[in-house]
Structures are given as structure tokens and as C-alpha cells.
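Working notes for the structure below.
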Amino acid sequence: MKTVSIKWLVVALVCSLAATLPLHAQSGRGTITGVVNDSTGSMIPSCDILVVNQETGVETRAVTTNAGVYRIPYIPPGKYKITVSKSGFKTGVRGNVEVLITQTVTADFTLEVGEIRETITVSAESPLLESSTSEIGTAANELEVHTWPSFVSDGTRQLQDFIFNSMPGVQGSSWSGSINGSQTFSHEVLIDGI
């Protein structure tokens, strides 16, 4: 009986230590998305997408859907090089695609018929779009996010208090305030999409 209780004590101790380890959050991440089509405007499925962080060299791969859409979520802020390739088409390349914290950047490609070893480099094109609804935001790097104040009430972090005390475009308080001209009592706060 004594050995059984010691085993449970060790298991409980290991579980409690594991629970105190810092977790790697995705809140400081961004997303790159886009559509790949040909010169006639038809979507190209099954294209190979390679996204490379130009500062660290870390690669992320994806494949376009049947509708020619790709999405690379949860990437750290930074500048990226995107390469799109498909057999029967020239390879498309776009560099210096900048992703900020929580930003969704759209980078569409139009591939020309040709050999895959031929490359089309996109350099002078309309600016990348940031997809948003009626959102307001501010650009910050990951270091800045970690230095922002943590408002604590009732023993927990209060993200809404931080927003209403520090962000632009807000009026009122976390209880009855409005964000970016919305109605009072109508704001919603999402953390990592939740």
C-alpha cells in the first residue's frame, strides 16, 4: 500500500511541474494567404507553396486547394520569400513579404505556362492586402507585446482593460465602452481566434 501511494505522489508531482512550464503561445503570429491562378484567371490546384523566413531561413510548405487557395497560419512576424511552383507553369517568386503580429497578408500569384525551371519574380505589383473587417489594430513586434502591461482583476489577466486603457479608437471602459465607433456593450475580444 505504501509503494502505491508513493507512485501516485510522484505522478502528481511530475504533473504539477509540467503544468508550470511556460507554454509557447500563438498570439504573436501572423498568416499569409492567397490564390494562385493562370493567365486566363482559372484557379490552379495542387501548387507547391514554399514560404521562407528571410531572416532565419525557416521554411514552411503548403499546397493549394482545388480552388487554388493556400494559407500559411501561425508564422512569426518578419519578412518572407514565397515561391509557387507547379509542373507545366513557370515558378512564381515574391520576396520581402512583411508579416506583422496578428496580421493576415494576402499574396496572390498568376502563373504563366512554361517550364518549372523558368522563374517569374514579382517585384512591382499592387501592395499586399491586409484582410480585415471593421477591426482596429496597431503594429508591434513580439518583444513589444511581452512588455505591455498586464491588468489584473479578480486574480486573472483582463485583456479588455488593457485594450480600453492603451489602444487607439476606444471610448469608455471594458464594461460599457465602444471600439472604433461601434455601439456600446457590443465589443468582442478574441485571443488566438477564441
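What you see is a predicted model, and the numbers here were worked out from it, not measured in a lab.
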To the nearest 0.5 Å, atom CD1 of Ile82 lies from atom CD1 of Ile32 at 4.5 Å
Rounded to the nearest 0.5 Å, the CG atom of Leu100 sits from the CZ atom of Arg29 at a distance of 14.5 Å
Can you list the steps and then say if Val97 with Val105 is a side-chain contact (heavy atoms from CB on, under 4.5 Å)? CA-CA 8 Å; Val97 176; Val105 176; 3.9 Å; yes
Would you check if Val69 and Thr64 make a side-chain contact, meaning some heavy-atom pair closer than 4.5 Å?
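Counting from C-beta outward, Val69 and Thr64 never come under 4.5 Å.
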With side chains defined as the heavy atoms from C-beta onward, is the minimum distance between Ile44 and Leu111 less than 4.5 Å?
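In contact.
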**Prompt:** Any side-chain donor paired with an acceptor under 3.5 Å for Thr31 and Thr33?
**Reply:** no
Worksheet item: Between Ser42 and Asn37, is any side-chain donor less than 3.5 angstrom from a side-chain acceptor?
Response: no
Task: With Val99, the side-chain contact (heavy atoms from CB on, under 4.5 Å) member among Thr104, Ile75, Val51 - done: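 Only one option passes, and that is Ile75.
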Mind checking salt bridge (charged side-chain N to carboxylate O under 4.0 Å, His left out) for Arg71 and listing every partner two or more places apart, or none if nothing turns up?
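Arg71 satisfies salt bridge (charged side-chain N to carboxylate O under 4.0 Å, His left out) with no other residue.
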Across all chains, not counting sequence neighbours, the side chain to side chain contact (heavy atoms under 4.5 Å, CB included) partners of Ser39 are none
Task: Cluster check Val113, Val36: I/L/V/M/F/W/Y, side chain < 4.5 angstrom - done: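 Yes; Val36 is reachable from Val113 via cluster members.
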Task: Working for side-chain contact (heavy atoms from CB on, under 4.5 Å), residues Thr91 and Thr83 - done: CA-CA 7 Å; Thr91 300; Thr83 305; 3.5 Å; yes
Q | Backbone N/O of Gly34 and side chain of Asp108: donor-acceptor pair under 3.5 Å | A |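 No.
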Any donor and acceptor pair, going by atom type alone, linking the side chain of Lys81 with main-chain N or O of Leu50 inside 3.5 Å?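 Side chain of Lys81 to backbone of Leu50, a donor-acceptor pair under 3.5 Å: no, none is there.
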Which residue pairs pass the side-chain hydrogen bond (donor to acceptor under 3.5 Å, both in side chains) test when at least one of the two sits in residues 47-58, sequence neighbours left out?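 Listed by first then second residue: Asn53-Tyr80, Gln54-Asn96.
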Margin query: Please determine whether side-chain contact (heavy atoms from CB on, under 4.5 Å) holds for the pair Phe109 and Tyr70, giving the CA-CA distance in whole Å, both sets of side-chain angles, and the decisive distance to 0.1 Å.
Written below: CA-CA 11 Å; Phe109 285 83; Tyr70 72 93; 3.8 Å; yes
